Amino acid sequence: MTTDKKDYRATLNLPDTPFPMRGDLPKREPGWVKAWEEQGTYQRLREARAGAPKFVLHDGPPYANGQIHIGHAANKILKDMIVKARQLEGYDAAYIPGWDCHGLPIENQIEKTFGRGLQRDEVQAKSRAYAGEQIDAQRQDFKRLGVLGDWSNPYRTMDFKNEAGEIRVLKRLFERGFVYRGLKPVYWCFDCGSSLAEFEIEYQDKQSPAVDVAFLSAEPAKLAAAFGLSKLDKEAFTVIWTTTPWTIPANQALNLNPDLIYALVDTPRGLFMIAEALVEKCLSRWQLEGSVLATTVGKNLAGLNFKHPLAHVDAGYDRLSPVYLADYATADDGTGVVHSAPAYGLDDFQSCVAHGMAFKDIINPVQGNGAYETELPLFGGMHIWKANPVIAQALEDAGRLLSHVKITHSYPHCWRHKTPVIYRAAAQWFVRMDEGEGLFATEHPEKSLRQTALEAIDATSFYPENGRARLRDMIAGRPDWCISRQRSWGVPLPIFLHKDSGLAHPNTLDFIERAAVIVEAGGVEAWAKLDPAEWLGAEAEQYSKGSDILDVWFDSGSTFQHVLKGSHLGAAHAEGPEADLYLEGHDQHRGWFHSSLLIACALYGRAPYKGLLTHGFVVDGQGRKMSKSVGNVVAPQTVSDKMGAEIIRLWCASTDYSGDLGLDEKILARVVDAYRRIRNTLRFLLANTSDFDAAKDAVPLDQLLEVDRYAMARAAELQGEILAHFQRYEFHPVVAKLQVYCSEDLGGFYLDVLKDRLYTTAPGSLARRSAQTVLWHLSHAMLRWMAPFLSFTAEEAWGVFEGGHEGKSIFVETYWKFEAVDAELLAKWSRIREIREAVNRSIEDVRKAGDVGSSLQADVLVGAPAADLALLQTLGDDLKFVLITSAATLTEAAELTVTVTPSTQLKCERCWHYRADVGTNAEHPTICGRCDSNLHGSGETRLVA
């Protein structure tokens, strides 16, 4: 005879949810991207926040050239997380993505594809088409990363309206007196074929020839008198030291420090005038013996003339080099005498001009491609880098070279081409940093642009704070901003220059506005096609139409004016042009942050941002820069296809972006593990609320079991911490705390304690509904906490949690509302959890010895001091549920002790507890009385847990 065995597992409230354990992210994420687009999710967010306070993060435009890399991905994800966090806070947080579309990289790409020598209109047409293609490709990659924004209506610096807006910004800078035209040495890149701004320069080591060159005295009697001597018995020279021999053909003066002591040194090769402090070093370098004949102070040597070192070699160099006094000549190195080629050094230029040299007299033989003019004697047509050794040899042959060695030193390079640049004098347009009168000024600001910008920095919040000093130092020491470039693809400086005088037309301001009008209708191409006679009439013969374009940093730096006050007004504050935040890599202190600050201060006297946030660069796990040659590049497209974009997002959120962001396969593997833990916790919450209808099943908060009220208090406490981090744009502490919360607060304690009550009590019992009420609240809160960074997962879970309402997005919601944190309850249960950990350790010791299996097989006797005893006694019979043991008893002791013994009772087939009442119901001999009551009677009563 056999007895049918009942399947009590079927009587348990086992969780079930359509939310899968495996995210299958690479396959499923594109579906969410498509759904957001088809359902107009971004527009729904705008509608949901209509009339709410605005939060404006103005997007620094990436360059529309090439596939996005992991640095782009990190940048866009950070912005997306911040915008979503503010959206959930209740702000109308629009995100208008943008692109930087003009400038040299695109023009270079066109030349590489179609060859050099294209007409300007061809370059412009092909550049515009190319930039559009690049934007489309990058946009798809950014959307694939889960970034929500106005992708159908981004801003592009090449949009006609934005190009026109930039020209109008230029006009306002003219009107406010900040723009002038002048001849001045500016950084020049031969590969760009154009001038560069300060923020387009980076420093790298370069090997250069260092030469000591002798200049023969043209006035030996005057030189002798300056040193208090009656005459000179030998040829006398002064000596300069330079690492740029290529500038020697353009030498026009010599600079001495007025306060330095200079010595006249007698050597077998003649008399040499150098700084007294450097005599020993110089003689050693020249391998000469010598003695000091006399000394004098620098100011006594002013106005003396020396001959160009090649004057006796070629008549083209038969000119004098007068001595000018300048503080930048020092005795730190060299000879204390500085050779001055005013076309190729800013200090040299300023010194020569200050001593009366006219612009027209400045010698400037280096062309834009780096080659000397063909007319230059001895070296005409040569590229300056190749000319260096040839010039050194010519100086040696002329008897004027005292030393020639190679040195390695830090040297300015073009940050695009990574090639060395030079200073080169050219007539350029500048934005004035200090006091002075600009062209066509109709207003006169009280403060200089430098002073205004420094005050604006003081009024700006920085994340991290050390960015303030970095930007301040750059603004404090920068020269005037050269805003003109000699290229084709960009916004024009629409100015007519007189062919003889070089002066701008008197009606320049009117012409600039007319140019803005035609550009707004036909793009920058409209200016390129304009026949000057249409505007100038008979004067057209006297003027040339300007062909310079604006520095691309002027493009991006002025975007706040077009976007926040023009093309996307709905995304901006009504009260002014300031964004709440600009966010870019820390290199943008010298780039976009810098140019935006100068333009806004010139226009409005304040910064265009209230806060500046900077992040580091993405490096590999060893801190090395990513490089194809090293093989350590991590492509966001590859990670998305293999692991899911969600993993990139979680990596970005979990990394302290204030420093460099490390990334490699090992780091990604850890992120995947973290994602799984969070997803599994979320799945538990969703599964155990699948049959819960808050409208009819929710238990009033004051009627919740005590451990449930504690779980609510703990969640409220954590939410306070999380929202405080979000306020400070911090994400890695949030991810860290969320992981700890999932593994320790929930998995290691609350959910562990809850499982018995959720699974074994009657489905509609107070005990179970109390637990489900809290899980429902926790699900609401947790989905909102994770939504800014785990956007795909939060949206997927939200659809399951909310019953799959089509188009209803988690991002429309606001952070969950909790009651005030119950500090007393938190403190009580914090101590209970500590005692529970001690009990678990004792059980584990016994389990390792093989005396018990699970903790439910253990009976525990807890000895506790009076305070702890009173605390534990408040749990009553529910203590065993908190400890997850079948029996738990208390006794008073001087200190906390735990005694573990294996249970002697039978195991309930349904709840797995070991109890004396297993089999009391003959009809159900394998289950305990508690389960029997939950299944067939009134159900057990739970008071605490």
Side-chain angles (χ1 to χ4, degrees), residues 6-16 684 687-693 696-712 749-776 829 832 836 839 854-862 871-890 903-945:
K6 187 173 178 62
D7 180 13
Y8 287 106
R9 180 180 172 82
T11 69
L12 296 173
N13 309 310
L14 294 179
D16 187 31
F684 184 95
N688 282 284
T689 53
S690 60
D691 66 337
F692 180 78
D693 182 352
K696 60 185 181 63
D697 298 330
V699 174
L701 299 185
D702 59 354
Q703 295 177 33
L704 295 174
L705 272 62
E706 186 175 312
V707 74
D708 297 332
R709 287 190 285 110
Y710 161 70
M712 290 283 281
F749 176 66
Y750 182 59
L751 302 184
D752 203 23
V753 170
L754 223 54
K755 287 175 183 175
D756 181 84
R757 180 157 41 113
L758 285 169
Y759 299 165
T760 68
T761 60
S765 64
L766 172 64
R768 184 164 182 270
R769 293 307 191 196
S770 175
Q772 286 185 304
T773 298
V774 174
L775 296 185
W776 181 80
W829 280 89
I832 291 172
R836 181 178 183 270
V839 172
S854 73
S855 65
L856 286 174
Q857 196 177 350
D859 291 345
V860 296
L861 171 64
V862 180
L871 194 70
L872 295 173
Q873 286 172 337
T874 64
L875 304 183
D877 194 41
D878 285 0
L879 174 62
K880 63 177 179 293
F881 296 121
V882 173
L883 300 179
I884 313 183
T885 59
S886 290
T889 53
L890 296 169
S903 177
T904 59
Q905 306 302 329
L906 294 174
K907 179 181 178 181
C908 173
E909 186 180 319
R910 181 172 181 270
C911 70
W912 296 1
H913 281 247
Y914 291 76
R915 292 174 59 96
D917 59 358
V918 172
T920 53
N921 184 340
E923 294 184 14
H924 300 279
T926 61
I927 66 172
C928 65
R930 182 173 70 93
C931 282
D932 185 41
S933 176
N934 286 332
L935 286 175
H936 313 116
S938 59
E940 68 176 312
T941 301
R942 296 284 189 98
L943 298 176
V944 177

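All residue numbers in this chain count up from 1 along the given sequence. It should be emphasised that the depicted structure is a prediction, and the values quoted were computed from it without experimental measurement.
To the nearest 0.5 Å, atoms CG (Asn934) and OG (Ser765) are separated by 7.0 Å. Between atom OH of residue Tyr710 and atom CD1 of residue Ile832 there is a gap of 9.0 Å, rounded to the nearest 0.5 Å. Here the CG atom belonging to Leu943 is positioned 10.0 Å from the CD atom belonging to Glu706, to the nearest 0.5 angstrom. Taking CG of Asn921 as the reference point, atom OG1 of Thr926 lies at 10.0 Å (rounded to 0.5 Å). Distance CG/Leu890 to CD/Gln873: 6.0 Å, rounded to 0.5 Å. The distance from atom CG of Leu856 to atom SG of Cys908, rounded to the nearest 0.5 Å, is 10.5 Å.
Residues passing the side chain to side chain contact (heavy atoms under 4.5 Å, CB included) test with Ala888, sequence neighbours excluded: Val860, Leu879, Lys880, Leu883, Thr885. For Thr874, the side-chain hydrogen bond (donor to acceptor under 3.5 Å, both in side chains) criterion is met by Lys828, not counting sequence neighbours. For Arg709, the side-chain hydrogen bond (donor to acceptor under 3.5 Å, both in side chains) criterion is met by no residue, not counting sequence neighbours. Residues satisfying the side-chain hydrogen bond (donor to acceptor under 3.5 Å, both in side chains) criterion with Tyr759, sequence neighbours excluded, are absent altogether. When the side chain to side chain contact (heavy atoms under 4.5 Å, CB included) test is applied to Val753, the partners found at least two apart in sequence or on another chain are Phe749, Arg836, Ala945. For Leu751, the side chain to side chain contact (heavy atoms under 4.5 Å, CB included) test picks out Thr681, Phe684, Leu685, Leu746, Leu754, Leu775, with sequence neighbours left out. A search for ring-ring contact (aromatic ring centres under 6.0 Å, His included) contacts involving Phe881 returns His913, not counting sequence neighbours. For Arg942, the side-chain hydrogen bond (donor to acceptor under 3.5 Å, both in side chains) partners two or more places apart in sequence, or in a different chain, are Asp756, Glu940. With sequence neighbours excluded, the residues forming a side chain to side chain contact (heavy atoms under 4.5 Å, CB included) with Asn13 are Pro763, Arg768, listed by chain and number.
Here the closest heavy-atom approach between residue Ser886 and residue Tyr914 is recorded as OG-N, 2.8 Å. Nearest heavy atom pair, residue Pro925 against residue Ala922, reads CD-O, 3.4 Å. Counting all heavy atoms, side chain and backbone alike, Asp917 lies closest to Cys928 at OD1-CB, 3.4 Å. Summarising the geometry of Ser855 relative to Ile884, their closest heavy-atom pair is OG-O, 2.7 Å, with the distance given to 0.1 Å. When all heavy atoms of His936 and Ile927 are compared, the pair lying nearest together is CE1-CD1, 4.5 Å.
For the 3.5 Å distance criterion, the side chains of Gln905 and Asp859 fail to qualify, holding no donor opposite an acceptor.
Proximity of Arg757 to Ser770: side-chain heavy atoms (C-beta onward) are separated by under 4.5 Å at one or more points. Side-chain contact between Trp912 and Gln857 is absent, with no heavy atoms from C-beta onward closer than 4.5 Å. In this structure, Thr773 and Asp708 have side chains that are not in contact, with every pair of non-hydrogen atoms separated by 4.5 Å or more. Residues Thr920 and Asp932 have side chains not in contact (no heavy-atom distance under 4.5 Å, counting atoms from C-beta outward).
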Could you go step by step and tell me if Leu704 and Val774 meet the side chain to side chain contact (heavy atoms under 4.5 Å, CB included) rule?
CA-CA 8 Å; Leu704 295 174; Val774 174; 3.9 Å; yes
Pair Thr760-Leu12, side chain to side chain contact (heavy atoms under 4.5 Å, CB included): steps then yes or no:
CA-CA 6 Å; Thr760 68; Leu12 296 173; 4.0 Å; yes
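Tested against Gln772, the residues Leu758, Asn688, Val699, Asp697 include a single side chain to side chain contact (heavy atoms under 4.5 Å, CB included) partner, Leu758.
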